[in-house]
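I have placed the structure first, in the form of structure tokens, so that the comments after it can refer back to it.
When a residue number appears, it is its place in the shown sequence, counting from 1.
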Amino acid sequence: MTTVVSWNIQAGLGVDGRVDLDRIAGVIAALADADVICLQEVECPGGLAPGVDQFAAIADLFPRHAAIEGPCVQRAAGREEYRFGNMVLSRLPVLSVFRHHLPWPAAPGVKHMPRQATEVTVETVAGALRVVTTHLEYHSVAHRRAQVARLRELHAEAAAQEQYPAEAHADGPYAGPVRPSTSVICGDFNMGVESDEYAAMLEPFDDGTPGLVDAWSGLYPGRRHDPTCGVFDRVQWPVGPHCRDFFFVTENLLSRLVSLSVDPDTDASDHQPLALTLDDSG
């Protein structure tokens with residue numbers, strides 16, 4: 001089995017107003033024996049945890065996992081560099097890493113920030129698996145649409161490279177990283193199931209690229225998504241409990257889906273963590 005956890009941790013800020021990365025790690029450990037952990041909203045340093053490098057602190061909390069940073073914002077502020085974004089931790093061998101900045105078009109008068117997707121290929125018992133985690137724009141539908149389109153372009157690019165591999169080289173930069181089309185794409189997409197962006201993510205490809213499906217719908221057809229946000233924090237989310245965090249997988253993984261669970265009890269963030277398990281037995 002391969003288990004992937006995804007969670008927007010809100011820089012470790014719980015609904016109780018306390019920043020506690022140890023609590024975050026404890027919730028993840030209780031949820032699943034995770035092979036790959038995909039986190040969004042990791043900060044270094046920040047107003048929520050002044051002086052703390054959360055990327056380093058989280059890596060220390062998971063010593064059996066390799067840590068890959070994926071900041072979408074990285075800037076120098078005086079003497080101190082600021083980083084904010086995604087993070088992937090993998091207990092499985094990491095075969096390749098890509099960091100993709102997503103579209104960030106001008107939008108006068110609209111609050112928005114750069115967004116990023118962190119792509120890691122890991123070696124599982126069943127073969128190489130491409131895992132992508134991201135956090136799309138909240139305030140701008142136009143940004144989200146462009147970012148969904150880019151995620152699909154990256155997926156199509158990986159599929160095309162797999163079908164038409166580059167000239168083989170034994171080593172060096174032209175040896176080429178492992179980048180399969182078999183993929184899990186997860187994170188905080190800031191979109192609802194009824195949105196145009198969600199529908200766009202699932203549109204068939206017309207060039208033979210393996211299609212993407214919502215793992216929840218694949219496992220539990222006709223069942224409403226469990227809420228992943230607004231369960232406890234009604235200040236930021238007055239709409240109440242709803243789903244905006246997803247696992248999208250390639251069609252060839254449908255038969256390998258074992259479970260997708262959402263932790264309904266933790267208030268360690270404004271989002272709930274999700275765990276997806278795949279069968280590696282073939």
Side-chain angles (χ1 to χ4, degrees), residues 1-8 31-38 40 88 90 92 117-122 124-136 144 147-149 151-156 158-159 162 179-229 231 241-264 271-282:
M1 302 287 185
T2 295
T3 299
V4 183
V5 165
S6 178
W7 194 7
N8 180 334
L31 176 63
D33 184 21
D35 297 293
V36 182
I37 303 167
C38 298
Q40 304 89 47
V88 177
S90 177
L92 301 173
T118 307
E119 174 184 330
V120 178
T121 295
V122 296
T124 77
V125 171
L129 177 68
R130 177 174 167 264
V131 179
V132 181
T133 192
T134 192
H135 181 196
L136 304 189
R144 281 198 304 278
Q147 290 159 4
V148 164
L151 290 173
R152 286 171 53 84
E153 288 174 357
L154 291 168
H155 177 57
E162 183 179 57
R179 196 185 187 201
S181 61
T182 301
S183 303
V184 171
I185 305 175
C186 64
D188 176 2
F189 289 81
N190 273 319
M191 62 191 185
V193 176
E194 305 300 327
S195 69
D196 291 341
E197 307 95 271
Y198 175 88
M201 191 72 183
L202 300 177
E203 286 181 358
F205 293 86
D206 58 8
D207 60 357
T209 296
L212 297 169
V213 296
D214 182 343
W216 181 274
S217 300
L219 278 163
Y220 317 119
R223 177 176 152 188
R224 184 182 179 88
H225 288 65
D226 283 354
T228 66
C229 190
V231 176
H242 60 285
C243 179
R244 61 179 56 233
D245 304 80
F246 299 96
F247 274 96
F248 298 104
V249 300
T250 42
E251 293 169 329
N252 62 332
L253 289 177
L254 271 175
S255 63
R256 292 175 51 195
L257 295 176
V258 174
S259 65
L260 173 51
S261 59
V262 179
D263 182 336
H271 286 248
Q272 311 305 119
L274 305 82
L276 176 74
T277 298
L278 302 172
D279 183 356
D280 289 341
S281 64

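- Between Leu31 and Ser261, some side-chain heavy-atom pair lies under the 4.5 Å cut-off.
- Looking only at side-chain heavy atoms (C-beta outward), Thr134 and Gln147 stay at 4.5 Å or farther from each other.
- When all heavy atoms of Tyr198 and Ser195 are compared, the pair lying nearest together is N-OG, 3.1 Å.
- Rounding to the nearest 0.5 Å gives a distance of 9.0 Å between CZ of Phe247 and OG1 of Thr277.
- Side-chain contact between Val132 and Phe248 is absent, with no heavy atoms from C-beta onward closer than 4.5 Å.
- Within the 4.5 Å cutoff, the side chain of Tyr220 has heavy atoms near those of the Ser259 side chain.
- Residues Val4 and Asp35 have side chains not in contact (no heavy-atom distance under 4.5 Å, counting atoms from C-beta outward).
- Once rounded to the nearest 0.5 Å, the distance linking CG of Leu212 with CG of Leu151 reads 9.0 Å.
- Residues Pro227 and Val231 share a closest heavy-atom pair of CB-CG2, 4.0 Å.
- With sequence neighbours left out, the side-chain contact (heavy atoms from CB on, under 4.5 Å) criterion links Pro180 to Thr121, Ala128, Arg130, Glu162, Val178.
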Inset, instruction - Walk me through it: do Thr2 and Asp280 pass the test side chain to side chain donor-acceptor pair (under 3.5 Å)? - result: CA-CA 7 Å; Thr2 295; Asp280 289 341; 2.5 Å; yes
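- Atom-to-atom distance recorded for Ser281:OG and Arg256:CZ is 8.5 Å, nearest 0.5 angstrom.
- By the neighbour-count criterion of 12 heavy atoms within 6.0 Å, atom CZ of Arg223 is densely surrounded, having more than that number from other residues, nucleotides or ligands.
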Inset, instruction - Show the numbers, then the answer: is there a side-chain contact (heavy atoms from CB on, under 4.5 Å) between Leu253 and Thr182? - result: CA-CA 7 Å; Leu253 289 177; Thr182 301; 3.6 Å; yes
Inset, instruction - Run the numbers on Met201 and Phe246 for side-chain contact (heavy atoms from CB on, under 4.5 Å), then give the verdict. - result: CA-CA 11 Å; Met201 191 72 183; Phe246 299 96; over 6 Å; no
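- In terms of heavy-atom proximity, Ser217 sits nearest to His225 at OG-CE1, 3.9 Å.
- From Thr118, atom OG1 reaches atom CD of Gln40 across 9.0 Å, with rounding to the nearest 0.5 Å.
- To the nearest 0.5 Å, the span separating CE on Met191 from CZ on Arg144 amounts to 8.5 Å.
- Nearest heavy-atom pair across Thr3 and Ala32 is CG2-CB, 3.8 Å.
- Residues Thr209 and Ala159 approach most closely at CG2-CB, 3.9 Å, considering heavy atoms.
- Arg152 contributes no side-chain N or O that, together with a main-chain N or O of Phe205, makes up a donor-acceptor pair within less than 3.5 Å.
- Contact of the Leu276 side chain with the Val249 side chain is registered, since non-hydrogen atoms from C-beta on lie closer than 4.5 Å.
- Here the rule is side chain to side chain donor-acceptor pair (under 3.5 Å) with Thr228, and of Asn8, Asp245, Asp188 only Asp245 fits it.
- Here the side chains of Leu274 and Leu260 are in contact, with some heavy-atom distance below 4.5 Å.
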Inset, instruction - Verify side-chain contact (heavy atoms from CB on, under 4.5 Å) between Leu278 and Val184, making sure each step is shown before the conclusion. - result: CA-CA 10 Å; Leu278 302 172; Val184 171; 4.3 Å; yes
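- Atom SG in Cys243 sits 9.0 Å away from atom CZ in Arg224 (nearest 0.5 Å).
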Legend entry - Test side-chain contact (heavy atoms from CB on, under 4.5 Å) applied to Glu203 and Val148, step by step: CA-CA 11 Å; Glu203 286 181 358; Val148 164; over 6 Å; no
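- Between His155 and Thr250, the closest side-chain pair of non-hydrogen atoms falls below 4.5 Å.
- The nearest pair of heavy atoms linking Leu254 to Gly218 is CD2-CA, 3.9 Å.
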